[in-house]
Trainee: 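Questions regarding the structure given below will be posed in turn.
The chains referred to below are lettered A, B, ... by the order of the sequence lines, with proteins before strands, and numbering in each begins at 1.
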Amino acid sequence: MKIIACYSNKGGVGKTASSVNLAYAAAQTGLKTLLCDLDPQGASGFYFRVKPSKKLAGQDFFKDVEMFVSAIRASDFRGLDLLPSNLSFRDFDIFLSRMKNSRSRLKKALKSVKKEYDLLILDCPPNISLLSENVFKVADLIVVPVIPTTLSVRSLEQLYGFFTKNNYQRKKITPFFSMVQKSKKLHVETQAELRKSHKRLLKNYVPFSSEVEKMGVHRAPVFTFAKNSKAAAAYRNVWREIEKRAKLV
Amino acid sequence: MLLVADSATDPLSDLGFQGTGLSLQLLELGSGSGHLMDSFSGDLASQGRLLVRGAGFSGLLSLSQASWQLEQHGETDDGQDSDSVAGLAQQLAKITKLRALLDFLPVHMCWQEGRLLDDEEKTRCRLQLVWLQGEGRRVGLIITEALRGYTQDHQSLLAALEAAGAEEVTSVDIILAGLGWRQGFYQVKPELQLGAADSARKSATLLIRTFFKLARANEAGIIGDLDTEFLHDYRVSLRKVRSVLSLFKGVYSDKATADLKQAFSDIMRRTNRLRDLDVYLLNREQYIDLVPPLSRPGVPLLFEDLQESRGQEFERVARYLGSKAYLREMARLEKQFSSAARISKGPKAGRKTLDLSSELIYRRFKRICKAARKIDDKTPDVEIHGVRIECKKLRYLLEFFTSLYPVDEIRGLIKKLKKLQDNLGAFNDYSVQQQFLQDVLALQAQRGRRGITLADSIGALTAMLYQKQLGERALVTENLAAFTGPETRALFTQLFQSVEREDEDNRLLQQ
């Protein structure tokens, strides 16, 4: 089982839409996929029409592995399941800090589904926290959507810096350009510049797309209502690159 | 899998979900006319499967897997065997083996997929529905799929379906009954219920009548050349008739017995050659594997010749079975067995069936024991063949009289006997096959390249078959000893020996 995190330390970069679409693309290739929404403000459940599990809100979540597993819901799409966001993740940081061996908690919870899924996609909250750090350690790859602007580039550099400082594996960081507008000179220039200095950047990128914006209206991955769109093709190509990097093929 | 039988209203139209936020959405995927298909003996049904084939599609329902597989394929216009069912073929061949798939009920079918949706149009459960319509009767088969995290909704759906009249379907027979098809499939091993206190003549006649009827049931399949098992079952049934006539010696008058034996012998002889050829043709792959690669080229040639002979022989048999003479003769014989009183009786006619059966079985077993004591690795083959015949007779006796004894014990004995019989049977087969091939060689007048290649392959085959025969022979002594060992003897004694006969049996033992 491979674990791919979708992370950004900056909001509004299309992280959740990316998690949803990449998870769908992965399931379509035949990988039994679980999308875990670790973001307390997480909207992936909304995109899949999955209601948050009322029973679990406010409880110590990962403490009971069984509860973790019982919160998983099948999406409408074969091979793709969802662990909807749980408000108690808010408390997870505090919970983790009290525990000894905190890093093994997440791993333990994820182990319980190891046999059932080929791929775990973790949609992470846009912050640096104990949970995020646990994700950095446990993930095989950390996919980072980046809008090609100066500010985004700064954030990316900050992320690399954080990794270096804490001795995390920088090579896991796999950035890709998201919400790209070719009409904007800034986007084009930033892309070119960043490609020179960052070799791990994915070749494929996701254009800004009204289709992706409409995901909230349709409440479904973009492939289901706009399968021939540029956005759908882009996400498929991005997934194929990620697949190779993660050695899933 | 649930079944919902014919009803005036569509059972799915109102499942009582109003107010719960749940709704059922159905989508028709396809429909068409076709036939239900199965082998003559209903092998698919007995394994919980139902096959439908129509123009351009084949569908297979599996009860044990609660699944519905649909395959769509183009119309066969290249002379393909109309029984082939594309990718489902492999799965089905394992179940039907040598039997052909035949249409047995015309149906109209439509299939749908369904989803149970919540108020946000999230799918909570999936369904597959298959509607079958037979002679004006309709059944619906519903396969539900629970989705992870929504098991309660699945339970609600099942409850609602059951409240609407759907029931768990446990056998294909129920589905067929729902379609109005009650005739049932042909059973190659019918139940033989004998009365322990009935006269031997009455029981013998019942047995003969049963096997005779079975034989006749296969005639149409033979004439239609549907598969090799029709002829096989036909002959086995007639063989059993002859067997009753021999084993129940003295039950009918000597003359009646002799006449009947002759009559059946004549009938059977007419299909000997065709059955031989069928069996050899079925062995094609084994024969190719059996010979060294250098001798393989001639094997297909051998089979080309056999196939041609088979074609000619089949025509002869089909003509015979359809002839007035044959039909008259079978009608005459059938009339004879319609009641026990029609056949003149012999000295043992009035014996109680249970007494006679025990005596026949026990004596036959003792004979085998006696023969087994004399057999070692050096005993000539002809004596081995003799024991094989004795075992065959014992097997028939055990099968004929199963209803008179505790069924588990009898089944156990038959199982042990079968092991020995398989060994003796294989030994005999290999020897017969060698002879057959030599006959083929003697008859074929081909010269030149083809003749030489053929002769070479036949030579190689004969040699390999001889090796196989020796292999079986090596196991005979051991298998015989196992079957006639103290445990089996004790069981035979317990089941079949009566005190009154003990002296007579002891006398036999001393011989």
Side-chain angles (χ1 to χ4, degrees), chain A residues 20 23-24 27 31-37 42-57 61 64-86 112-120 214-221 224-225, chain B residues 1-2 12 15 17-30 59-60 62 65-72 87 111-130 142-161:
Chain A
V20 167
Y24 182 91
L31 294 166
K32 190 96 178 43
T33 306
L34 175 65
L35 175 60
C36 294
D37 193 344
S44 46
F46 180 78
Y47 287 130
F48 284 111
R49 304 167 186 247
V50 171
K51 298 179 203 279
S53 181
K54 294 195 184 83
K55 275 186 283 181
L56 296 170
F61 195 67
D64 192 344
V65 167
E66 251 184 63
M67 290 175 81
F68 166 70
V69 169
S70 70
I72 296 175
R73 301 274 179 269
S75 73
D76 281 11
F77 314 108
R78 288 215 180 269
L80 180 55
D81 289 350
L82 176 72
L83 179 65
S85 147
N86 184 297
S112 65
V113 292
K114 192 174 179 182
K115 288 196 186 101
E116 301 179 54
Y117 295 100
D118 302 316
L119 172 67
L120 237 57
K214 284 185 199 142
M215 277 170 70
V217 174
H218 291 273
R219 296 185 72 184
T224 61
F225 60 88
Chain B
M1 196 180 299
L2 298 173
L12 296 178
L15 286 175
F17 282 130
Q18 283 90 338
T20 61
L22 296 172
S23 64
L24 188 66
Q25 188 191 80
L26 293 174
L27 176 67
E28 177 155 321
L29 297 175
L60 182 66
S62 165
Q65 293 168 1
S67 71
W68 162 246
Q69 281 173 269
L70 184 77
E71 265 190 24
Q72 301 197 274
W111 53 99
Q112 304 169 310
E113 73 177 13
R115 301 192 293 156
L116 183 69
L117 301 172
D118 67 17
D119 55 356
E120 299 191 18
E121 302 213 347
K122 169 86 181 68
T123 304
R124 297 275 181 116
C125 301
R126 288 184 198 277
L127 301 99
Q128 285 179 292
L129 296 101
V130 180
I142 308 170
I143 302 169
T144 60
E145 186 188 338
L147 292 182
R148 185 162 197 171
Y150 297 108
T151 39
Q152 208 158 358
D153 296 297
H154 185 239
Q155 292 306 314
S156 302
L157 176 63
L158 288 176
L161 287 169

Trainee: Could you tell me whether the side chain of R126(B) and the main chain of D76(A) form a donor-acceptor pair under 3.5 Å?
Mentor: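 Looks like yes, one N/O pair under 3.5 Å.
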Trainee: Would you say R49(A) and L117(B) make side-chain contact, with heavy atoms under 4.5 Å?
Mentor: no
Trainee: Would you mind checking which part of F77(A) comes under 4.5 Å of any heavy atom in chain B, side chain (CB onward), backbone (N, CA, C, O), both or neither?
Mentor: backbone
Trainee: Of the non-hydrogen atoms in F48(A) and K122(B), which two are nearest, and what is the gap between them?
Mentor: O-CD, 3.2 Å
Trainee: Heavy-atom pairs under 4.5 Å with chain A are the metric here; pick the option from L147(B), D118(B), T151(B) that has the most.
Mentor: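 Top option by heavy-atom pairs under 4.5 Å: L147(B).
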